[in-house]
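Since the structure comes first, as structure tokens, the remarks are kept for the end.
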2 protein chains.
Amino acid sequence: MKSKYTTIIDIARQLNISKSTVSRALTGHPNVKEPTRKAVLELAASMEYQRNSLALGFSKHTTNTIGIMVPEFMSTYFPSVIVGVQDVMQAAGYNVVICQQNESYESEVSNMKLLLSYRVDGIIVSHTKETRNFDHFTLAQRRGVPLVFFNRVPDDMNVPNVVVNDYEAAFQAVEHLIAIGRKRIAHLAGPESLVNTRLRRQGYLDALKKHNIPYNPDLVLSYDLTTEKVKIYMKHFLDLATPPDALFAINDPTAIAAMEVVKAKGLRIPEDIAIVGFSNDFSAQLVYPGLTTVAQPTADIGRTAAEMLLQELKAKVKNDYSIKKAPTVQLPTKLIIRESTMVKEKMKKR
Amino acid sequence: MKSKYTTIIDIARQLNISKSTVSRALTGHPNVKEPTRKAVLELAASMEYQRNSLALGFSKHTTNTIGIMVPEFMSTYFPSVIVGVQDVMQAAGYNVVICQQNESYESEVSNMKLLLSYRVDGIIVSHTKETRNFDHFTLAQRRGVPLVFFNRVPDDMNVPNVVVNDYEAAFQAVEHLIAIGRKRIAHLAGPESLVNTRLRRQGYLDALKKHNIPYNPDLVLSYDLTTEKVKIYMKHFLDLATPPDALFAINDPTAIAAMEVVKAKGLRIPEDIAIVGFSNDFSAQLVYPGLTTVAQPTADIGRTAAEMLLQELKAKVKNDYSIKKAPTVQLPTKLIIRESTMVKEKMKKR
DNA sequence: TTTTTCTGTGGGAACGGTCCCATTTTTTTG
DNA sequence: CAAAAAAATGGGACCGTTCCCACAGAAAAA
């Protein structure tokens, strides 16, 4: 079965020249006479020649393609990081293959193997909430495929990464709740496996400590980021003898799901309970009331990760394997205050 | 520079057998003696052998990979279609490569070439709002790469596609507005290039006609799906001598952006103006008031498209090129009524 | 036993490019 | 104008895998 794709050999035969010359003409090698080059390019265009990237990557051991692995893409966070990555990578002449894990560790492992089997030149990763074993990542490193992590970063791997200061951002968010007079601040934390969870919780704890608010373990729950659990835990919080007057949620979907529970119970936001989320998803400004949250520079995160990966790729070509501390870039966050934490006076002004 | 990847030749050398046998053992060919197979598999595992998909695809002319091209993925619509596609394709042993066009025609063309250069076996597509030229799609067909379209379908290509009944859904949505007593129903339509735009507008027109509401051209505007334009057009509508008392928007982001304008002007939804969107994006239930919209079975759309593509791939293998009308599958929609169109009495009941 | 049919294995072409190393042709130089 | 240098081209190895063909040895059928 003859393939329907034109090859350089087809072109060479038609012009009665060698495939080497055709190859040179097509890749822009200087040593080709102008008329020859012109003839090749014209024939290639008319035959709709399309280079075979498989053959190319196979032969050159480099594919000009990078992978990006994200745990999910139903919130706007990861898609917009991806857009940032594509931005930089495409400008640098790389293709970007997107993999989505549905928060499943298994998918993560198989997607990683997939990317490696396609010999991508590098990978940008944010791991799933289930990931506790990082062997598939070290495998990539052993294969000489540079990795750059963002957002969800393994804490025992020396690997370049771009993050925000989760600790500081959480600290500020909680201080904001304290500033509007809240004393019983609950925290819905994420799974222990994520660094973010631990850093944000520490920020929460330290903010309380700074303002002499005793830490109440009953008001902190770690959960698995599923909407059903938010409902259960939130009901639990609200049914306490002395329920919380504020909630700091690990992320916006959590905060929004929590808001539903609060509203269903007939309580008012922020009067009865003020709520703060994290990441400034697109929906944060849509919910009613508007959700106060920590904005992350998503597109910048993607762009920065891409630039770091380009650095790594360049270093690799130069065989620069100096073993030094992998770089960590921290990008700034910004607390966006909306109605979900607006004290009375301010609300009236609107 | 020796590659760091293990090859079947490395394995063959170590075991002192031929690479053919190694290949057979690894692919599960029956004609391999049990001890040989075991030895190969064990050594492969210990050397962390990973098949080179480039070499494989290159040699076999089939990559077991399909592409999916979506115009954007900041709304929840396309991501959730993608999840449906991955679901089916992965179960069938295919890999899925995701491409995102940022609504740019140029990206669409270059992504198409990219996918073809990687020799994907098939492609699932929803084209961008800018796409008016479909040569890059027919190119794929000429190359023998089957296409399946969904949602945004070119109307002059005989190609399998999965859609919803946009006409009918729009008709129902507008009838609903009429049922709650609205007479001056505006319509923010999408770009002319999309079939959806035309079908939904026709549904709108016919619903008006059926209920003897004269068509007022001043109340219908086509636009390019950018938020800024929604603002301009919506302001224009509201500033009319007799402004509309209802809006049927081409999609949810449009409806939501329109709501902002209405609220900013101090008008009430639905009392002053009732609003209906399309697609039931995740945000439709979050906005205040909740947005009435036409729900599309997104995951099913993805699954169905994937199944159709699998059909095509099977047909291709069997060389079944019977030229018949390409199948169109229409999936059901459902009008979801929320507060943005709830008449007074019903609202009080809550 | 002899012939035929399996079974298991090895050898090598093929896939479509790149790239190094001739070799030929053209240009420059002494 | 011959020799040297540069430019343009051709030849063929190579990349990792599959798969067809050949063939040896074993098992089954005659």
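Proteins come first, then strands; the chains are lettered A, B, ... in the order of their sequence lines, and each starts at number 1. The model shown is predicted, which means the values in this text are computed figures rather than measured ones.
A donor-acceptor contact under 3.5 Å links the side chain of B/Ser20 to the base of C/dG12.
Side-chain contact between B/Val162 and B/Met308 is present, with at least one heavy-atom pair separated by less than 4.5 Å. Side chains of B/Thr63 and B/Ser53 form no contact here, defined as non-hydrogen atoms less than 4.5 Å apart. Side-chain atoms of B/Val22 and B/Ile17, non-hydrogen and from C-beta on, do get closer than 4.5 Å to each other.
Rounded to whole Å, atom P of D/dA13 lies 16 Å from atom CD1 of B/Ile9. Rounded to whole angstrom, the span from the CZ atom of A/Arg119 across to the C1' atom of D/dG16 amounts to 9 Å. Atom CD1 of B/Ile8 and atom P of C/dG11 are 14 Å apart (whole Å). Taking atom NZ on A/Lys19 and atom C1' on C/dC15, their separation rounds to 10 Å, with Å as the unit. Protein atom NZ of A/Lys4 is 15 Å distant from nucleotide atom P of C/dG16, rounded to whole Å. Rounded to an integer number of Å, the gap from CG of A/Leu26 to C1' of C/dC19 is 15 Å. The nearest whole Å value for the distance from the OH atom in A/Tyr5 to the C1' atom in C/dG16 is 13 Å. Taking atom CZ on B/Arg13 and atom P on C/dG11, their separation rounds to 13 Å, with Å as the unit.
Every residue two or more places apart in sequence or in another chain that forms a side chain to side chain contact (heavy atoms under 4.5 Å, CB included) with B/Lys60 is listed here: B/Leu56, B/Thr62. Looking at residues two or more places apart in sequence or on another chain, you find a salt bridge (Lys or Arg N to Asp or Glu O under 4.0 Å) between B/Asp300 and B/Arg303. When the salt bridge (Lys or Arg N to Asp or Glu O under 4.0 Å) test is applied to B/Glu72, no partner is found at least two apart in sequence or on another chain. Qualifying salt bridge (Lys or Arg N to Asp or Glu O under 4.0 Å) partners for A/Glu48, counting only residues two or more places apart in sequence or in other chains: B/Arg142. Legend: residues meeting salt bridge (Lys or Arg N to Asp or Glu O under 4.0 Å) with A/Glu42, ordered by chain and number and at least two apart, are A/Lys38. With sequence neighbours excluded, the residues that form a side chain to side chain contact (heavy atoms under 4.5 Å, CB included) with A/Ser80 are A/Thr298, B/Met74.
Applying the ring pair (Phe, Tyr, Trp, His ring centres under 6.0 Å) test to residues at least two apart or on different chains, the pairs with a partner in residues 89-122 of chain A are A/Tyr105-A/His136. Sorted by first and then second residue, the ring pair (Phe, Tyr, Trp, His ring centres under 6.0 Å) pairs involving residues 25-53 of chain A (not counting sequence neighbours) form an empty list.
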Are there any protein N/O atoms within less than 3.5 Å of an N/O atom in nucleotides 7-9 of chain D, and if so, which ones and at what distance?
| residue | atom | partner | partner atom | Å |
| --- | --- | --- | --- | --- |
| D/dT9 | OP1 | A/Thr36 | OG1 | 2.7 |
| D/dT9 | OP2 | A/Lys33 | N | 2.9 |

Set out, line by line, the N/O atom pairs under 3.5 Å between protein and nucleotides 27-29 of chain D.
none

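When only modelled atom types and interatomic distance are considered, B/Asn102 and B/Ser107 share no side-chain donor-acceptor pair under 3.5 Å.
Note: A/Ile9 CD1 to A/Gln14 CD = 13.5 Å, rounded to the nearest 0.5 Å.
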- Message: Using salt bridge (Lys or Arg N to Asp or Glu O under 4.0 Å), reason through A/Glu103 and A/Arg152 one step at a time and then give a plain yes or no.
- Response: CA-CA 12 Å; A/Glu103 289 284 16; A/Arg152 300 182 182 177; 3.0 Å; yes
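Comparing the local axis fitted to the first five base pairs of the helix from C/dT1-D/dA30 to C/dG30-D/dC1 with the one fitted to its last five gives a bend of 40°, rounded to 10°.
Of the residues in residues 51-60 of chain B, B/Phe58, B/Ser59 come within less than 4.0 Å of DNA chain C through at least one heavy atom, sorted by number.
Under 4.0 angstrom from either OP1 or OP2 of D/dT17 there lies at least one side-chain N or O belonging to B/Tyr49.
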